[in-house]
Amino acid sequence: MALDKYGIAKRIAQEVKDGYYVNLGIGIPTLVANYIPSNIQVMLQSENGLLGMGAFPSKDNVDPDMINAGKQTVTTIDGAALFNSADSFAMIRSGKIDLTILGAMEVSEQGDIANWKIPGKMVKGMGGAMDLVASARNIIVAMQHNSKDGQSKLLKACSLPLTGLHCVKKVFSDLGVFDILPEGGFKLLERAPGVSVEEIIQATEGKLIVEGIIPEMIIN
Amino acid sequence: MALDKYGIAKRIAQEVKDGYYVNLGIGIPTLVANYIPSNIQVMLQSENGLLGMGAFPSKDNVDPDMINAGKQTVTTIDGAALFNSADSFAMIRSGKIDLTILGAMEVSEQGDIANWKIPGKMVKGMGGAMDLVASARNIIVAMQHNSKDGQSKLLKACSLPLTGLHCVKKVFSDLGVFDILPEGGFKLLERAPGVSVEEIIQATEGKLIVEGIIPEMIIN
Amino acid sequence: MINKTVQHVDEAIRDIHDGATIMFGGFGLCGIPENCIAAIQKRGTKNLTCISNNAGVDGFGLGLLLATRQIKKMISSYVGENHEFEKQLLSGELDVELIPQGTLAERIRAGGAGIPAFYTPAGYGTEVADGKEVRVFDGKPHLLEHWLRADFSIVKAWKGDTAGNLIFKGTARNFNPMMATAGHVTIAEVEELVPAGELDPNEIHTPGIFVARIFKGDHYEKRIENLTTL
Amino acid sequence: MINKTVQHVDEAIRDIHDGATIMFGGFGLCGIPENCIAAIQKRGTKNLTCISNNAGVDGFGLGLLLATRQIKKMISSYVGENHEFEKQLLSGELDVELIPQGTLAERIRAGGAGIPAFYTPAGYGTEVADGKEVRVFDGKPHLLEHWLRADFSIVKAWKGDTAGNLIFKGTARNFNPMMATAGHVTIAEVEELVPAGELDPNEIHTPGIFVARIFKGDHYEKRIENLTTL
C-alpha cells in the first residue's frame, strides 16, 4: 500500500546521519524532524535565520519572535545560533548544509525540480527553494508519486516552471525510493510496503530503471 | 610660517560638523580628533570595525582587544557599535561616512591621490585607503606641501602609484587650504598664518588658481 | 551624542510620498514594523513599490496595504498563504517581481554594502534567469544580480538606542538588518528604546549610522501566522 | 549535541600540510590565533600561502612565520610597520599580493557566502585594476573581484561553545568572522570554551556550522602594537 505522508517522512528520516546539518522544506519535509532517531545528533537549519531548531513549544512557551521557515512557532536546542537571512543563505550557498529535503510538484529524470508555480492558477513563490537547489550538495525530494487525477509527477521533463536544473539526487515518494542517475533516469531502490514493481512502472512516466530484486523499504 | 602637523589638524577640525560620521586615516588625520569642538556631536569610524571611537584609555583602562585602524589602544563612547571588517567596509562603500580625512604622499590637480607605495623603496600597503577614496562622498587630505628635499607634492599628475582617481575634494597642507575644482586645479582658499600667496605659488607644481584676496586661516 | 529619536510614528513616516519604494523588514508576520504599516495605511500613501520577503497575510502586515490597494508593485520571494496577494497577482492588478529568497537577501545586503552586482547560482535554468547575464565559475553557471536599494527602509527591532543602534530578537531578525543598510532613509521602530550607552556595543546587530529615525512603537500585536505547539 | 572540541592545539592543526593556503584572523596583533601560530612555527610547516590583513610585527603574530621563512606568499592589505615583511617583499623573497582592505574583507566574505565574484569601485584607476574586468554601474567604474577561500581558516574568538559557536570581543572581531566562513576546514581557538547552550543564540557572531574544530588556547599574551594612553 502506498505510504501516507507520515510514512514518507519516516523513511526519509533514515537518510539523516549523525552530525548532519539539515534544511527541511515546508510540508512533508517538516515532518521528518519528528522521526530522526534520538541516538544521533543533528542541527536543523531554518533559512529565515536559525540553526539548531528544536521541537514545537509547549502552549506556555510560545514566542511569536521564534518561527521556522514555514512560519510555525518553534524552539531552539542547546548550541543554536540566530542570524539574519543574508547570512542564512550565505551558509546555504557555501555548501555547509549536509542534507536538504524539499517537497516537489514535479521531478524529471534529469533531476530537475518544479515546486513553486502553476502558471495562471497558483503562485506560491520560490522562497528559498531556488537558492537551496542551486547550492546544496545533497538534495532529496519528498513527494506524492502521482497527482490527484492520477498523472505521474516523476517525468521525462517537467511541465511546470522549474525551480532548478539537475539538482535532485534522490526521490522519496509514496510508492518508493529512487536514485536519480547522473546520466538521467529514476533508479528504483526500494518499494513501499506492499507496492509492486509493476505498480511503480505504471505510475512513472520518466525513465525508470529496475535492476535485480527490489527490496521493500523498512519503516519502524 | 608654515603650520606644523598639529596646526594642520586644528584647521581640519573646523571641517567637522555636528552629526557627522567621520573616518580618520593614520598620521595627521588621527590628530584631528583632539581638536573637534566639544559642542558638536561626532561619531568616529575606525575601519577595522568600530563606530564611536573615544579617547585613548587611561593607563589602568587599556584593553588590547580595543584598537583603532592605526593599532592604537582606544576606548568607545556611548552609542558605539562593534562589527566585523566586511561590515565596516560595507558601511564605507555605501556612502554613509560624511567625511573622510586621509594623509597623502602626492595629490594631483585632478584630485588623484597616492599614499601607499614608493616602488622599490617603500611599501606600506593600501590598507583601507583605496576603498575609502573610491566610495566616500567627501574626501579631504592632510599633507605636507613639499617633500623634505623641497619638491612640491601638489602636482599636475602623481608620479607615485595611485590610490584613487578624481576623488580628493580639498587639501589642507602646512601652507594653505585648497579646493580641487571639478575641472582640475588647486583653488587657493586660505593661507597659513604668515605664509604669502607668493610662497604658495612657488611651492605648488600643479595648476594653482588664485582669485581675489586670499584670507589667512583662523586657528584657535 | 547624535540623536535619531522621533516621538511619534507619524513623524517617522512624514515624508513617505506617493510612488515611493519602501523596504519592509519581517518574515511572514515575524519582525514586521506594525506601527509604521498601520500609519501608512491611515495616511493613504499610494502607488508604493514594496520590497518584502512576503506580504503579510490577509488582514495583517502588508496584507493591510494590499487590501487598500496602496501597493502598486511587490518585490518578494514568497506569496505563501496570502490570498489577496495571490489574487491580485494572478489577476494582474498587482505588479509582482518574485525573487529567490537568498538572492533577495543578498541583493539587499549588496545595496547596503556598495556592491552594485554579484554572481549567484540561484535561479540558473529557470525563468528567474530570463534576460540575465550568465557566467560560469568553476564549471558552474551563475547569474548576474544587481543590488536593491530603496527610498525608505522600515525595520522593526527589539531594542534600540537613541544613536540608532539596533538589536533584534530571535527569528524576528530575518531581513531587518540588511534592509536597514539599504534604505536612503531608514526608519526603525523598536519595542524598547534606551539612551545611547546602555546597549553593549559588542551585541549590536545594526550600527546606528544606518538609521535615520528611531521611535518606540506604541503596541505590538505580534500575531502568529501558524501556531504550533506540542 | 554536535561536538567540535579538540583537546590540544596540535590536534587542531594536525593536517595542515606544506603548501597549504591558510587564512589567519586578526588585525595587527589584535584578535590573532596566537596558539595556532606558535604551534605551526614549532611544527615547521612550509611553503604556506597566508591570507591575513597584516602579517603581525617583527617577532610576533605572523611575523614569527615570516622570520622562519615558512611563508611563501602573503595575501594582505597592509604591510605597515613590519620590517621583515617589507624587506622580504622588496627583495622579492616573498611573493606578496596586496589587496585593498575592504576588497579583501569582501572577497573573504564572498568565499564563505557562495558568491564567486562581485563588483567593487575600490582600486579602479590604480595598479590593483591591472588585468581586471571593469564595468560601469550608475556611471561609476567598478572592478570585478573574485571570492577567496582557503584550505584552512584559523580564527581567534573570545568565547566559544562545544557546538563551534563563536563570540568575539571588541575590535578583535575584525576579519575573524568572515574567515571562519571561508575555510574548507575552520579551526577556532578561544579564550573561554563553554558547553553548548550556555551562549545566548542571539549574541553569537559565528554559527558553529562554519567551525570544524574548537579548543581553548593555553595562554594569550595579547601584545599591544601601539600602546597609547591619556
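Quick note: numbers below take in every heavy atom, side chains included, and nothing from hydrogens, waters or symmetry partners. Each chain gets a letter, A, B and so on, in the order its sequence line appears, and its residues count up from 1. The model shown is predicted, which means the values in this text are computed figures rather than measured ones.
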Checklist entry - Out of curiosity, Asn174(D) CG to Phe83(B) CZ, how far, rounded to the nearest 0.5 Å? => result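 Rounded to the nearest 0.5 Å, the CG-CZ separation comes to 12.0 Å.
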Checklist entry - How long is the gap from OG1 on Thr120(D) to CZ on Arg93(B), to the nearest 0.5 Å? => result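 Thr120(D) OG1 to Arg93(B) CZ: 5.0 Å, rounded to 0.5 Å.
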Only pairs of heavy atoms separated by less than 4.5 Å count here; which of [options] has the most with chain B?
{"options": "Arg109(D), His205(D), Lys169(D)", "result": "Lys169(D)"}
{"options": "Lys140(D), His142(D), Arg107(D), Arg223(D)", "result": "Lys140(D)"}
{"options": "Val128(D), Ile99(D), Asn53(D), Val96(D)", "result": "Ile99(D)"}
{"options": "Ile108(D), Thr228(D), Val79(D)", "result": "Thr228(D)"}

So for [X], is it side chain, backbone, both, or neither that comes closer than 4.5 Å to the heavy atoms of chain B?
{"X": "Leu104(D)", "result": "neither"}
{"X": "Leu89(D)", "result": "side chain"}
{"X": "Asn54(D)", "result": "side chain"}
{"X": "Glu221(D)", "result": "neither"}
{"X": "Leu227(D)", "result": "both"}

More than 12 heavy atoms of other residues, nucleotides or ligands under 6.0 Å from [atom1] of [X]: yes or no?
{"X": "Ile218(B)", "atom1": "CD1", "result": "no"}
{"X": "Phe137(D)", "atom1": "CZ", "result": "yes"}
{"X": "Tyr21(B)", "atom1": "OH", "result": "yes"}
{"X": "Lys222(D)", "atom1": "NZ", "result": "yes"}

Please give me the minimum heavy-atom distance between [X] and [Y], naming the atom from each residue.
{"X": "Arg173(D)", "Y": "Leu82(B)", "result": "NH2-O, 3.4 Å"}
{"X": "Pro177(D)", "Y": "Asn84(B)", "result": "CG-CB, 3.8 Å"}
{"X": "Met130(B)", "Y": "Pro100(D)", "result": "SD-CG, 3.7 Å"}
{"X": "Leu162(B)", "Y": "Gly125(D)", "result": "CD1-O, 3.6 Å"}
{"X": "Ala134(B)", "Y": "Ala122(D)", "result": "CB-CA, 3.6 Å"}
{"X": "Met178(D)", "Y": "Ala86(B)", "result": "CE-N, 3.4 Å"}

Next on the checklist: As a quick check of understanding, evaluate side chain to side chain contact (heavy atoms under 4.5 Å, CB included) for Thr163(B) and Thr126(D), giving each step before the final call.
Outcome noted: CA-CA 6 Å; Thr163(B) 307; Thr126(D) 76; 5.6 Å; no
Checklist entry - Which residues, numbered in order, of residues 95-124 of chain B come under 4.5 angstrom of chain D by heavy-atom distance? => result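 The stretch touches chain D at Trp116(B), Lys117(B), Gly120(B), Lys121(B), Met122(B), Val123(B), Lys124(B).
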Checklist entry - Considering heavy atoms only, which positions within residues 58-81 of chain B lie below 4.5 Å of chain D? => result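 Result: Ser58(B), Lys59(B), Val62(B), Asp63(B), Pro64(B), Asp65(B), Met66(B), Ile67(B), Asn68(B), Ala69(B), Gly70(B), Lys71(B), Gln72(B), Thr73(B).
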Checklist entry - Among residues 27-35 of chain D, which ones touch chain B with a heavy-atom distance under 4.5 Å? => result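 Residues of residues 27-35 of chain D touching chain B at under 4.5 Å: Phe27(D), Gly28(D), Cys30(D).
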Next on the checklist: Counting heavy-atom pairs closer than 4.5 Å to chain D, which one of Gly49(B), Gly128(B), Ser46(B), Pro57(B) comes out on top?
Outcome noted: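 Of Gly49(B), Gly128(B), Ser46(B), Pro57(B), Pro57(B) has the most heavy-atom pairs under 4.5 Å with chain D.
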Checklist entry - Which side chain to side chain donor-acceptor pair (under 3.5 Å) pairs, counting each pair once, include a residue from residues 28-39 of chain B, with sequence neighbours left out? => result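 Listed once each, the pairs would be none.
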Item to check | Contacting moiety of Ile26(B), where chain D heavy atoms sit under 4.5 Å | outcome: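 Just its side chain gets close to chain D.
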Item to check | Glu106(D) and Phe89(B): CA distance, side-chain angles, deciding distance, side chain to side chain contact (heavy atoms under 4.5 Å, CB included) verdict | outcome: CA-CA 8 Å; Glu106(D) 190 68 12; Phe89(B) 283 92; over 6 Å; no
